[in-house]
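Here the structure is laid out as structure tokens; the discussion comes afterwards.
Computation of the quantities below employed the complete heavy-atom set of this structure, encompassing side-chain atoms and omitting hydrogens, waters and symmetry-equivalent molecules.
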Protein chains: 2
Amino acid sequence: MNGKQMIENDVSTEEKIKIAARKLFQEKGFDGTKTRDIAKESGINIALLNYYFRSKQKLFEIIAAEAVKDLFFNLLTILENEDSTIDHKLSQFVEHHVDLLKSNPNLIHFVLSSSHENNPTVESLLNDFKIKAIQSSFASQYIQYAKENKLSESPVHYLLNIVSLTVFPLMIKRLFEGGFDIDPKIYDELLEERKILIPKWIKGMSEA
Amino acid sequence: MNGKQMIENDVSTEEKIKIAARKLFQEKGFDGTKTRDIAKESGINIALLNYYFRSKQKLFEIIAAEAVKDLFFNLLTILENEDSTIDHKLSQFVEHHVDLLKSNPNLIHFVLSSSHENNPTVESLLNDFKIKAIQSSFASQYIQYAKENKLSESPVHYLLNIVSLTVFPLMIKRLFEGGFDIDPKIYDELLEERKILIPKWIKGMSEA
DNA sequence: ATTTGATTTAAACAAATGTTTAATACTTTT
DNA sequence: AAAAGTATTAAACATTTGTTTAAATCAAAT
């Protein structure tokens, strides 16, 4: 039942299905992905999808929850690090997310659309994240930062600005390159530049 | 004859279908929207969809192209206005897009995912926009602005920053409210504040 | 009033889709 | 080696889905 009888260095059938499902769900969404496509992509018999995961819906919920974890887990370890300054956390955040989303361009779209459906696991993961983020050392460091810079605006603006400047350019990469007919490498270089520029800009904004 | 029927009689069958299709495609995507859903939502017989639009695919392409126009047309008139300063254009851009995307929260997601599919009409619209944006008075005003502020970075960064700070917070509205359990009105107020804050921040960034 | 053409309808169609079944192969336990 | 449990398969299944058909209704032109 638990499929742990595999030879250690082979990929289990269960995992093969998940790898294919992850790829297809993130690319084509829930409705755009057909169970037969998942079977073909993973090279398994279609009945095994239901054998291991009960239904396409259940499989999707597992994949969606894992995507949310992928996106937020590393973020949390950055925020919670007691031994790094707020400036260092900011740099780390930008660097980590540019790299993560460069190698996984559909992750953000997938998490956003998954969060719009009713998925209790996803919702509880997001709530968990919220609580831990508020309790993190980053939160107290920000209060100090706001005092020093005499910031009157909501701390949410600060967070929104960091995330917006970092993540949005990765979301429109394809739109940009398609519509504007630009060499992918040029845009990639711009994204690399932003790893250093965004922390600088954020400071400039606080002083404005 | 009641009021509802009169209103319905004013709208052609073709337009009724497009209104329903626009709503459903933007909400559920191409694969998530079923032709019978469109028929039910618009109150027409399902055969009329194919009678007026040949296929679900053709209908989708029309809706997608119109969405791209909705998003970029007003932007272009702002950029091309010879009688407004670059600062005024910036304020106008932020204000217009916050309002537009507040009333049409799915528009961005829809345009982004539409641009990922192969749709010649959408692609040519995006290329048109590119050419006109480069030729606009905004482009020459930016060159002047970059000189005055001794900006060494690519002008693309400047544009990316404006669009990121404006648009991204609207894209994650639902994720934010869901995961963070926040009153929708509070977030709406934050978005209103950003109409004034973003132009201020952009200036601060240029001086950093 | 009749004819012509456009619009609308219920029903039918074939293909696709998610899921289940029942038989077969493979592993582990006894 | 036999039995029991697990994994895999081809085929079947009931629905759903996009599209078409052929008849009916309506509007305008002759």
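With sequence neighbours excluded, the residues satisfying ring-ring contact (aromatic ring centres under 6.0 Å, His included) with A/Phe30 are A/Phe60. Listed by chain and number, the residues in a side chain to side chain donor-acceptor pair (under 3.5 Å) with A/Lys23 are A/Glu41 (sequence neighbours excluded). Applying the side chain to side chain donor-acceptor pair (under 3.5 Å) rule to A/Glu193 yields the partners B/His157; only residues at least two apart in sequence or on another chain are considered. In this structure B/Ser137 satisfies the side chain to side chain contact (heavy atoms under 4.5 Å, CB included) test together with B/Glu82, B/Lys89, B/Gln141, sequence neighbours excluded. In this view, B/Glu15 and B/Arg22 satisfy the salt bridge (Lys or Arg N to Asp or Glu O under 4.0 Å) rule, not counting sequence neighbours. The side chain to side chain contact (heavy atoms under 4.5 Å, CB included) search around A/Gln92 returns A/Ile78, A/Ser84, A/His88, not counting sequence neighbours. B/Asp99 pairs by the side chain to side chain donor-acceptor pair (under 3.5 Å) definition with B/Lys195, not counting sequence neighbours. Under the side chain to side chain donor-acceptor pair (under 3.5 Å) criterion, B/Lys40 pairs with no residue at all, not counting sequence neighbours.
Interface residues of residues 48-60 of chain B facing DNA chain C, ordered by number: B/Leu48, B/Tyr51, B/Tyr52; criterion, heavy-atom separation under 4.0 Å. Near DNA chain D, meaning a heavy atom under 4.0 Å away, the residues from residues 34-45 of chain B are B/Lys34, B/Thr35, B/Arg36. At a non-hydrogen distance threshold of 4.0 Å, nothing from residues 21-30 of chain A comes into contact with DNA chain D.
Listed by first and then second residue, the side-chain hydrogen bond (donor to acceptor under 3.5 Å, both in side chains) pairs involving residues 47-65 of chain B are B/Gln57-B/Glu61 (not counting sequence neighbours).
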